[in-house]
2 protein chains.
Amino acid sequence: MDDLLARAREKLAQLGYKWTDQRRDIIAYLAEDLNQHLSAEELYAILKERGEQIGLATVYRTLELMVEAGIVHKLQFGDGRSRYEVADADHHHHHLICNRCGQVFEVPMDWLEELEQSIEKDYDFEITGHHLKIYGICSACKKAAGGEKGDEKPL
Amino acid sequence: MDDLLARAREKLAQLGYKWTDQRRDIIAYLAEDLNQHLSAEELYAILKERGEQIGLATVYRTLELMVEAGIVHKLQFGDGRSRYEVADADHHHHHLICNRCGQVFEVPMDWLEELEQSIEKDYDFEITGHHLKIYGICSACKKAAGGEKGDEKPL
DNA sequence: ATTCTTGCAAAACCTTTGCATACTG
DNA sequence: CAGTATGCAAAGGTTTTGCAAGAAT
């Protein structure tokens, strides 16, 4: 998806926000790989290393803006910081989180359509999104088993 | 469920931990209403108000202990703090989170059994738990609609 | 021009930790 | 008694905010 930049630019304009170099840089980087779960600090470090002129506060503010604009989703995998991923409307998926190594895998499917319909009806709750996290032990960690507990290095 | 105290006590003993007044008070409070999603600070304030002798650090440490013992689950609803709920093994449920008022509703059902089976097979991932959060607008907020945006007071 | 945005540093939060004291098994 | 657990205050880490300077419409 390469029109993410265009979409974002249009959406921000629509909301009355300005298009700045920093916002472009952030979105451009996210657009390079949609399957990321970056924290604000990680994103900041990457952009800095690329030589972009940007501050950490701006990264936080921009990501929050993007959440508001519906361009990215804010996720919490339980490692104490928020992570962001591009909200790819036509790419519903879920997350498998390994309790051992902390890696996050994507499950590119959406099994929740009927569940949602039934909830909207039963609870009179208008659903705008969902987030399913499944915890467990990934294939690699199971193989490397025997590895006692304690060799967990989250994300 | 009133044997939560007993269960917890036994489990802690099993793990070699001691049974203290503070741990008892915390679990006793959680046992009064299993449908809570308290943050450490909230729990601390409640116990303090009740006149219990306890410190915030102890609340944090005890909750972490309980997570380890599998007695409570640590949840993140995106309001910047961790929340804890009693892990009621035979009461699987999901959470509906209102984007407007921040309230969290419980959906007392587990629709994910087959989904999990298919994941375990397809991904060779050993599932130990899951957490499904569904975001949207609750019934009350829809009724009180017209209420522009901005009247959101999370949790 | 006006309004929005940025960057820095400071502040605000939530959570963890060090250490002396107090308690449990 | 030995080994844990507690409470306080300090430290740590993440996120937010105030404000003057800089950009964008």
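The figures that follow rest on heavy atoms only: side chains count, while hydrogens, waters and symmetry mates do not. Numbered from 1 within each chain, the chains take letters A, B, ... in sequence-line order.
Using a cutoff of 4.0 Å between basic side-chain nitrogens and carboxylate oxygens, Lys74(B) and Glu85(B) are not scored as salt-bridged. A salt bridge between Arg83(A) and Glu42(A) is present, with a side-chain N of the basic residue lying under 4.0 Å from a carboxylate O of the acidic one.
To the nearest angstrom, P of dA5(D) lies 13 Å from CD1 of Ile27(B). Following rounding to the nearest Å, Arg23(A) (CZ) and dA24(D) (C1') show an atom-to-atom distance of 10 Å. Summarising the geometry, the separation between CG on Leu65(A) and C1' on dA24(D) is reported as 15 Å, rounded to the nearest angstrom.
Contact of the Leu65(B) side chain with the Leu15(B) side chain is not registered, since no non-hydrogen atoms from C-beta on lie closer than 4.5 Å. Side-chain contact check for Ile134(B) versus Ile119(A): some heavy-atom pair is nearer than 4.5 Å. At a threshold of 4.5 Å between non-hydrogen side-chain atoms, the residues Val107(A) and His93(A) do not count as touching.
Counting only residues at least two apart or on different chains, the ring pair (Phe, Tyr, Trp, His ring centres under 6.0 Å) pairs with a member in residues 16-39 of chain A are His37(A)-Phe77(A), His37(A)-His95(A). Screening residues 102-128 of chain A for ring pair (Phe, Tyr, Trp, His ring centres under 6.0 Å) gives no qualifying pairs among residues at least two apart or on separate chains.
Taking the screw axis at each terminus of the helix from dA1(C)-dT25(D) to dG25(C)-dC1(D) from five consecutive base pairs, the angle between the two is 40° to within rounding of 10 degrees.
On the nucleic acid side, DNA chain C contacts chain A at distances under 4.0 Å to non-hydrogen atoms, with the end points of that region at dT3(C) to dC8(C).
Side chain of Arg23(B) to main chain of Thr62(B): no donor-acceptor pair is present (N/O by atom type, distance under 3.5 Å, no hydrogens or angles).
For His73(A) and His130(A), the gap between ring centers reaches or exceeds 6.0 Å.
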In a table with atom names and distances, give each donor-acceptor pair under 3.5 Å that connects a side chain of residues 50-57 of chain A to protein atoms at least two apart or in another chain.
unit_1	atom_1	unit_2	atom_2	d
Arg50(A)	NH1	Glu32(A)	OE2	2.9
Arg50(A)	NH2	Glu32(A)	OE1	2.8
Arg50(A)	NH2	Glu32(A)	OE2	3.0

Contact pattern, 5' to 3', of nucleotides 8-23 of chain D - B, S or - by protein heavy atom under 4.0 Å:
B-----SBBBB-----

